[in-house]
Amino acid sequence: MSGQLAVAWEAVAPDGAHLLPDDAPRIAVVVSLTFPGMGPEAHAIMEAFTRTAFQELVDQGARPFLVDSAVQDPEHAALAARSDGVLFLGGGDVHASFYGHDGPVPHEYGVDYPADVFCLDLVRRAVEADQTVLAVCRGSQLLNVALGGTLVPDIVPSDLHKGRPGEPLFLDEEVLLAPGSKVAGIYGRTRAVVRSGHHQAVADVAPGLVVTARAHDGVVEGTEHPGRTWVVATQWHPEDPDGPAEDRRALFGAFVAQARTALMGPGAAIRGAEEPAAC
């Protein structure tokens, strides 16, 4: 991608990782550091959000490492499969062919077919292996598509979910959390004001997943997999630095705690390999 903007690893690498113990849970963070059409605004958002996610993982006592889906390195995929948890972050739209949509997609953005193939395979492997998974925005959509669900190609009207033309993309949105869901238990309530900036969302929910959050217009804002130990997806962005820090700490803390439990359990991940861009 000659001339294409890309987020530099040095700009998102967290502080303090060298202070973590050797037995800290290891988290694969799957995100594209570049994608087609990444302009200055998207670059700034991806840099800030990715940096916040990495730092929060370190602050929670996990050792994150980068799996750049723009690169599609099979060795990195293998390392992700041996991690204690996998975090799928946001980015561009999923290619419409993967969820059976044939027509044009209004406002389509950042589609990277090879990255989608790579990510969908990682999602399926992680769910099959019962890894600890947190899937955010694009990650939530990838989870649904990987397991056989579909997406809303373009939400109309979208006022609850993203800023209007000429306004900042991300806005505060209230979502309704399903009682008894993991995310409601983590947040300790059934309503939450979250940070949203999306034009697509889960449509037909994949077999095995259940809806855990909805917007006031009925759009699906969260899912989880009750048939797996800990697979949680949010359409919103807990890693938005302008969002509520206490909710980010709660969600990332629960994710890392579960990854730590998986590390100590009988199905613990195989350790010892060098991670790419390890912290």
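- Screening L57, T52, D59 against Q55 for a side-chain contact (heavy atoms from CB on, under 4.5 Å) leaves a single residue, D59.
- With C119 as the fixed residue, the side-chain contact (heavy atoms from CB on, under 4.5 Å) test singles out one of V30, V31, V67: V30.
- The side-chain hydrogen bond (donor to acceptor under 3.5 Å, both in side chains) check on Q60 picks up E56, with sequence neighbours excluded.
- Under the 30°/60° scheme for interplanar angles, the aromatic rings of Y99 and H101 are found to lie parallel.
- Within the 3.5 Å criterion, the main-chain N or O of D23 finds no donor-acceptor partner in the side chain of R63.
- Looking at H198 and Q200, their side chains never bring a donor and an acceptor atom within 3.5 Å of each other.
- The shortest distance between side-chain heavy atoms of L143 and V231 falls below 4.5 Å.
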**Request:** Begin with the C-alpha distance, continue with both residues' side-chain angles, and end with the deciding distance and a verdict on side-chain contact (heavy atoms from CB on, under 4.5 Å) for V136 and L87.
**Result:** CA-CA 8 Å; V136 170; L87 171 61; 4.2 Å; yes
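- One finds no salt bridge joining D84 and R260 here, because no Lys/Arg side-chain nitrogen approaches an Asp/Glu carboxylate oxygen to under 4.0 Å.
- In this structure, E167 places its CD atom where more than 12 heavy-atom neighbours from other residues, nucleotides or ligands lie under 6.0 Å away.
- D121 CG to D116 CG: the interatomic distance, rounded to the nearest 0.5 Å, is 12.5 Å.
- Cluster membership check: I155 does not share its hydrophobic cluster with V220, using side-chain heavy-atom separations under 4.5 Å among Ile, Leu, Val, Met, Phe, Trp and Tyr.
- D247 and R189 are joined by a salt bridge, as a carboxylate oxygen and a charged side-chain nitrogen come within less than 4.0 angstrom of each other.
- Residues S196 and L160 are not in side-chain contact: their nearest non-hydrogen atoms beyond the backbone lie 4.5 Å or more apart.
- Closest of all the heavy-atom pairs between A146 and V123 is CB-CG1, 3.6 Å.
- V211 and L151 end up in the same hydrophobic cluster when Ile, Leu, Val, Met, Phe, Trp and Tyr side chains are linked at under 4.5 Å.
- Under 3.5 Å, the side chains of Q235 and Q141 contain a donor-acceptor pair of N or O atoms.
- Annotation: side chain of L177 is in contact with side chain of Y187 (closest heavy-atom distance under 4.5 Å).
- Under a hydrophobic clustering in which Ile, Leu, Val, Met, Phe, Trp and Tyr are joined whenever their side-chain heavy atoms come within less than 4.5 Å, directly or via other members, V117 and V127 fall into the same cluster.
- In this structure, CG on L209 lies 12.0 Å from CG on D204, to the nearest 0.5 angstrom.
- The minimum heavy-atom distance linking A77 with F118 is given by the pair CB-CE1, 3.8 Å.
- Below 30°, between 30° and 60°, or above 60°: for Y109 and F35 the angle between ring planes is above 60°, a perpendicular geometry.
- The side-chain heavy atoms of E47 and V12, taken from C-beta on, include a pair separated by under 4.5 Å.
- Proximity of a side-chain donor or acceptor of H237 to a complementary backbone N or O of E239 within less than 3.5 Å is not detected.
- Between F255 and W230, the angle of the ring planes lies from 30° to 60°, which puts this pair in the tilted group.
- Distance alone, capped at 3.5 Å, places no donor-acceptor pair between the S158 side chain and the H161 backbone.
- Residues R51 and P14 come closest through the heavy atom pair NH1-CA, 3.6 Å.
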**Request:** Go through R228 and V133 one step at a time and tell me if the side-chain contact (heavy atoms from CB on, under 4.5 Å) criterion holds.
**Result:** CA-CA 10 Å; R228 294 294 183 266; V133 172; over 6 Å; no
**Request:** Begin from the C-alpha positions of H107 and D93 and carry the test side-chain hydrogen bond (donor to acceptor under 3.5 Å, both in side chains) through to its verdict.
**Result:** CA-CA 10 Å; H107 307 114; D93 292 350; over 6 Å; no
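- Contacts classified as side chain to side chain donor-acceptor pair (under 3.5 Å) and involving residues 36-45 (residues at least two apart or in different chains) are not found.
- Under a 3.5 Å cut-off, the side chain of N144 and the backbone N or O of T150 do form a donor-acceptor pair.
- Atom CG of L142 sits about 9.5 Å away from atom CZ of F98, to the nearest 0.5 Å.
- The structure places CG of L79 at 5.5 Å from CZ of F65, a figure rounded to the nearest 0.5 Å.
- Looking only at side-chain heavy atoms (C-beta outward), W236 and E221 come within less than 4.5 Å of each other.
- If you take CG on L169 and CZ on R164, they are separated by 13.5 Å, rounding to the nearest 0.5 Å.
- Nearest heavy atoms, S32 versus S69: OG-OG, 2.6 Å.
- The closest side-chain heavy-atom distance from Q258 to T261 is below 4.5 Å.
- Residues F54 and L134 share a single hydrophobic cluster, defined by chaining ILVMFWY side chains whose heavy atoms lie under 4.5 Å apart.
- Both V7 and W9 are members of a single hydrophobic cluster when ILVMFWY side chains are connected at heavy-atom separations under 4.5 Å.
- Counting heavy atoms from C-beta outward, H76 and D68 have side chains that stay 4.5 Å or more apart.
- In this structure, D112 and P114 approach most closely via the heavy-atom pair OD1-CD, 3.1 Å.
- Other residues, nucleotides and ligands contribute at most 12 non-hydrogen atoms within 6.0 Å of the CD atom of E75.
- S83 approaches A80 most closely through the heavy-atom pair OG-O, 2.7 Å.
- Counting only distance, with no hydrogens or angles, the side chain of R214 and the backbone of L176 share no donor-acceptor pair below 3.5 Å.
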**Message:** Working note: L66 + V29, criterion side-chain contact (heavy atoms from CB on, under 4.5 Å); need CA distance, chi angles, decisive distance, verdict.
**Reply:** CA-CA 5 Å; L66 172 67; V29 181; 5.5 Å; no
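- To the nearest 0.5 Å, atom CG of residue L33 and atom CG of residue L5 are 12.5 Å apart.
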